[in-house]
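Here the structure is a predicted model, which means the values were calculated and not measured. Hydrogens, waters and symmetry mates play no part in the numbers below; they use all other heavy atoms, side chains included.
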Amino acid sequence: MKPSDLSTLPPGVPEALEDEGVEELYPPQAEAVEAGVADGESVVASVPTASGKTLIAELAMLSAVQRGGKALYIVPLRALASEKKAEFERWEEFGVDVGVSTGNYESDGEWLASRDVIVATSEKVDSLVRNGAAWVDDLTCVVSDEVHLVDDSHRGPTLEVTLAKLRRVNPGLQVVALSATVGNADEVADWLDADLVQSDWRPIDLKTGVHYGNAVNFDDGSQREVPVGTGEKQTESLVADALDERIDGQGGSSLVFVNSRRNAEGAAKRMAEVTSRRLDAGEKNDLRELAAEIRDVSDADTSEDLARCVEKGAAFHHAGLASEHRSLVEDAFRDRLVKCICATPTLAAGVNTPARRVIVRDWKRYDGEFGGMKPLDTLEVHQMMGRAGRPGLDPYGEAILLAKDRDTMDELFERYLWAEPEAVRSKLAAEPALRTHVLATVASGFATSREGLLDFLDRTLYASQTDDDARLAEVTDRVLEYLEVNGFLDREGGSLTATGIGHTVSRLYLDPMSAAEIIDGLEAAEADAESLRQSPADRQSGGRDAEGVDAGVTAGETGFVTGNELAASSGADGGGDGRGGEDAGDGSGRAGGAGGTERTVTPLGLYHLVSRTPDMYQLYLKSGDRETYEEEFYEREGEFLGHAPSEFEDVAFEEWLSALKTARLLEDWASELDEDRIAERYGVGPGDIHGKVDTAEWLLGAAERLSAELDLDSTIAVREARKRVEYGVGEELLDLAGVRGLGRKRARRLHEAGIETRADLREADKPVVLGALRGRRRTAERVLENVGRKDPSMDGVRKDAGASAAATAAVEGDDEGGQATFGDFS
DNA sequence: ATGTTAGTCATCTAGACAGCATGTC
DNA sequence: CTAGATGACTAACAT
């Protein structure tokens, strides 16, 4: 079958496909067409990675648009959303507009309504449905990429419920589900009332095998001699072997999957020795430039370590990397500059990074719940192996597992090479998942009674997979109870309605349990504030958590003291610690139960509040941390909002402490501590810092909304805490840091130069501004423009050396030396 | 005295979605 | 039921 046989695509598209080199559809694609993907029929395509799934989706979406419809492409990751958008944008010349919507990158609602194809993450789609985005009703085609992720216990239910909702809103909806090869694609197809297209066909041959002794034993019976040299390990030998096998003059790149970040970094360091011996002068030069770019991204140790590997032609890849690091590494790997990446599973599910050879070094991974090293799922290993084979570059791909002994080799063959991947199983009938989705389902009007709810849930994959209806009903009832007790739902007679706050929680996309925690914490603070105004006798509990009230005490006059003073304006001690000082009214220690402590809402209290929420993935307590944070806990006891567990409640106390660790990270961030210092202090990478900050920003935003809606006094304090996290600055920089073009560092330098507010900036002497911004004219002009200065031009202005020197001394770890330089690099 | 090696012990563990609202004397 | 690589530290031993 050829593209020109497809009559339902927009005019010009078949020709364009042929120009791209698609002369003949791949067998699975042809099969999908026969099943009617291009005619509005629902299809589940369960085929290997890189065998043309995207084209199947494109045929569905383009023909839907040609019929006057609108298509949605659901992805599991934000990074994939931008990748797909870029890919689909080539259809714009045929009149097909593409839009993206993720939490990060939001095109506004109305604009999206005008797009023909929209790419979004499943959570974003869920959120859009909850918020009643009008264009959802216009959808005629939905593509769900990587549907096998419905098996994921955390995010799977969202996808499942979202698909059910979309189908309910629009009964004629075409659903195209793209899946890796799984054990039960037929069940997924049944659930979606779709035709099943199943195939093992791959455009590039994939050879899979196990390395043991001095050879790779492939599953087709062939062998490849790969001796392990003295002092070398299996991985080294295999990476070297791939590089030494020149095809069209090019050595092959390798992707090594390992089970921890540390292993990824360690392996990359060793592989760098292998790759560095096989680079030509040009490559060495390019790699040096790349390494410089990497060092430019951040000052953290990871950055330096990565740069050192990259200089030698290898790299590591895991979630601790800043996203800039990740894309630099991915791009360089695709450009064949970086010869080997050692990665955690980030890369298996992420953007497209094919390699000639994939080495799955570790096939077990630590799992706390399991209580030890757990073998990876067959599906997961298959996903990794599927990265082997670069279309157009390699004649075939190789995926190799490593065995140290015969028994292991046999086990690997059985478990991963000969085995069918697992069946996907819905994880919907778990309380955390239902808590969220039951509330959302009621709040957005998909159900108005318990029966209606169960009826809706009956449209999910879970229902289609289970015989035990009672279980779902039982969990649902527990969840309904929880939601009612916490004031998110009303049950009257048989009918269910969301309360005002319930609606808000649903729209904010919060886990109801997070919302309850936040509300409890804020109300406990409120109750304390209340007690300041009333005599202790008629103090009454306004909080849900009555016990929380006792934690606070009377005193003082002020309702709330907000924000930490930045320690000694950080210039004096060169930002050595950067940690915020204690609040003025708060340094005198706490007088146990005797009262006399002033209860205030501090940023730390709020950071802790959101950090102990189930929506925040907490930092892990390392050895020694327990003592550190226990001490910190007692020192800052008065800042916590709500009722702290006693140290005898083991699990709860431990969680409180790890939330404290997370909160301290946020506090450090909001006190302008340098990224590398934070990374060092908490044992995390730049990527983790950004992740925490990002989540905190979102949760504090939600807390702000809740606070406002409940008319609590803490709203202002929450807003300020949120902004401090958002900009990563101390209280006194909030005004300045809001200006576009001014980050935490520049704002601090301006402040040190005596420019403390936007108003100051509009009046300030240009030489001083220029000096504080290190003589970067373009930057200075842009900043002045953004702050609304009438005459932003820096022409002929010489920077004030004094301001520059002062500012430079004030900010630790700056990119230029202490002396003034005159370059303009902006 | 100094360098080398083998053995012991404690430490630590993958990933990543979401709200809101944008600016000015 | 169900961990194991890593790196710091140490003891024993060779030069």
* Report the nucleotide, chosen from B:dT11, B:dT13, B:dA18, that has the shortest atom-to-atom distance to any side-chain atom of A:Ser623. => B:dT11
* Structure fact -> A:Asp367 CG to B:dG15 P, in whole Å, measures 14 Å
* To do: Rounded off to whole Å, could you give me the CG-to-C1' distance for the A:Asn131 and B:dA21 pair?
  => 14 Å
* Asked: Which whole-number value in Å describes the distance from A:Arg507 CZ to B:dA21 C1'?
  -> 15 Å
* Rounded to the nearest angstrom, tell me the gap between atom OH in A:Tyr617 and atom C1' in B:dT13. => 10 Å
* If you look at every strand shown and take non-hydrogen atoms under 4.0 Å, does A:Asn259 touch a base, only sugar-phosphate, or nothing? -> sugar-phosphate
* Asked: According to a strict under-4.0 Å criterion, is A:Thr121 in side-chain N/O contact with OP1 or OP2 of B:dA18?
  -> yes
* **Spacing of A:Arg361 atom CZ relative to C:dG4 atom C1', expressed in whole Å** => 11 Å
* Asked: Is a side-chain donor or acceptor of A:Gln618 paired with a backbone partner of A:Lys661 at a separation under 3.5 angstrom?
  -> no
* To do: May I have the distance from A:Glu369 (atom CD) to C:dA3 (atom P), rounded to whole angstrom?
  => 16 Å
* **Secondary-structure notation, DNA chain B, from Watson-Crick and G-U pairs under 3.5 angstrom (| other strand)** => |||||||||||||............
* **Listed nucleotide nearest any side-chain atom of A:Arg705, set B:dA14, C:dT6, B:dC20** => B:dC20
* Base, sugar-phosphate, or nothing for A:Arg719, non-hydrogen atoms under 4.0 angstrom? -> nothing
* **From B:dA18, B:dA14, C:dA3, nucleotide with atom closest to A:Asp615 side chain** => B:dA18
* Structure fact -> Checking B:dG19, B:dA14, C:dT6 against the side chain of A:Lys124 (C-beta onward), the nearest is B:dG19
* Asked: Is A:Arg308 salt-bridged to A:Glu304, cutoff N-O under 4.0 Å?
  -> yes
* Whichever of A:Phe370 and A:Lys404 has its nearest DNA chain C nucleotide further upstream toward 5' -> A:Phe370
* Given B:dG19, B:dC25, B:dG15, which nucleotide is nearest the side-chain atoms of A:Lys790? -> B:dC25
* To do: Nearest-nucleotide wise, let me know which of A:Glu697 and A:Gly683 is further upstream toward the 5' end of DNA chain B.
  => A:Gly683
* Asked: Is it true that A:Lys427 and A:Glu160 make a salt bridge, defined as a side-chain N closer than 4.0 Å to a carboxylate O?
  -> no
* **Presence of salt bridge, A:Lys269 and A:Asp305, under 4.0 angstrom** => no
* Rounded to whole angstrom, note down the C1' distance from B:dC20 over to C:dC1. => 50 Å
* Structure fact -> Rounded to the nearest 0.5 Å, the CZ atom of A:Arg365 sits from the CG atom of A:Asp377 at a distance of 8.5 Å
* **Distance, P atom - from C:dT2 to B:dC17, rounded to whole angstrom** => 36 Å
* Asked: Under 4.0 angstrom, heavy atoms only, what part of the nucleic acid is A:Lys374 near: base, sugar-phosphate, or nothing?
  -> nothing
* How is A:Glu704 classified with respect to the nucleic acid when contacts are heavy atoms under 4.0 Å: base, sugar-phosphate, or nothing? -> nothing
* Asked: Between B:dA18, C:dA5, B:dA14, which nucleotide has the shortest distance from any of its atoms to the side chain of A:Glu123?
  -> B:dA18
* Asked: Hey, does the side chain of A:Ser127 come within less than 4.0 Å of B:dA18's phosphate (OP1/OP2), counting only N and O?
  -> no
* **DNA chain B contacts made by residues 150-159 of chain A, counting heavy atoms under 4.0 Å** => A:Asp152, A:His154, A:Arg155
* Residue-phosphate contact under 4.0 Å: A:Lys364 side-chain N/O, C:dG4 OP1/OP2 -> yes
* Consider the side chain of A:Arg365, meaning its heavy atoms from C-beta on, and name the nucleotide among B:dA14, B:dA18, C:dT6 that approaches it most closely. => B:dA14
* About how many Å separate CD1 of A:Ile74 and NZ of A:Lys84, when rounded to the nearest 0.5 Å? -> 14.0 Å
* Phosphate oxygens OP1/OP2 of B:dT24: is one of them under 4.0 Å from a side-chain N or O of A:Arg740? -> no
* To do: Figure out the CZ/P separation between A:Arg262 and C:dA3, and round it to whole Å.
  => 18 Å
* Any side-chain donor near an acceptor of the partner, A:Thr628 and A:Asp625, under 3.5 Å -> no
* To do: Give me the residues of residues 72-84 of chain A where at least one heavy atom lies under 4.0 Å from an atom of DNA chain B, by number, or none.
  => A:Pro76, A:Leu77, A:Arg78
* Asked: How long is the gap from OG on A:Ser611 to NZ on A:Lys692, to the nearest 0.5 Å?
  -> 9.0 Å
* Asked: Does the pair A:Arg270/A:Glu273 count as a salt bridge with the N-to-O cut at 4.0 Å?
  -> no
* Asked: Can A:Trp698 be called stacked on B:dA18 when the rule is centres closer than 5.5 Å and an angle between planes below 30°?
  -> yes
* Asked: With a non-hydrogen cut-off below 4.0 angstrom, is A:Ala319 in contact with a base, only sugar-phosphate, or nothing?
  -> sugar-phosphate
* Asked: Just by modelled atom types, is the A:Ala355 backbone N or O under 3.5 Å from a matching donor or acceptor in the A:Arg387 side chain?
  -> no
* Give one of base, sugar-phosphate or nothing for A:Gly788, where a contact means two heavy atoms less than 4.0 Å apart. => nothing
* Output yes when at least one side-chain N/O atom of A:Tyr620 is less than 4.0 Å from OP1 or OP2 of B:dC12, else no. => no
* To do: Scan side-chain atoms only and decide if A:Arg507 and A:His503 contain a donor-acceptor pair under the 3.5 Å cut-off.
  => no
* Nearest whole angstrom, please: distance from the P of B:dA16 to the CG of A:Leu149. => 12 Å
* Would you mind classifying the nucleic acid contact of A:Arg326 as base, sugar-phosphate or nothing, using non-hydrogen atoms under 4.0 angstrom? => sugar-phosphate
* Of all the choices, C:dT6, B:dA18, B:dG15, which nucleotide is nearest to the side chain of A:Arg261 once you look at every atom? -> B:dG15
* Asked: Is it true that A:Glu726 and A:Arg722 have a side-chain N and a carboxylate O under 4.0 angstrom from each other?
  -> yes
* To do: Tell me which nucleotide among B:dA18, C:dA3, B:dG19 gets nearest to the side chain of A:Arg722.
  => B:dG19
* Asked: Side chains of A:Tyr509 and A:Asp126: donor-acceptor distance under 3.5 Å anywhere?
  -> yes
* Hey, is A:Glu265 close enough to A:Arg261 for a salt bridge, meaning N to O under 4.0 Å? -> no
* Asked: Judged by atom type as modelled, is there a donor-acceptor pair below 3.5 Å linking the side chain of A:Ser426 to the main-chain atoms of A:Pro157?
  -> no
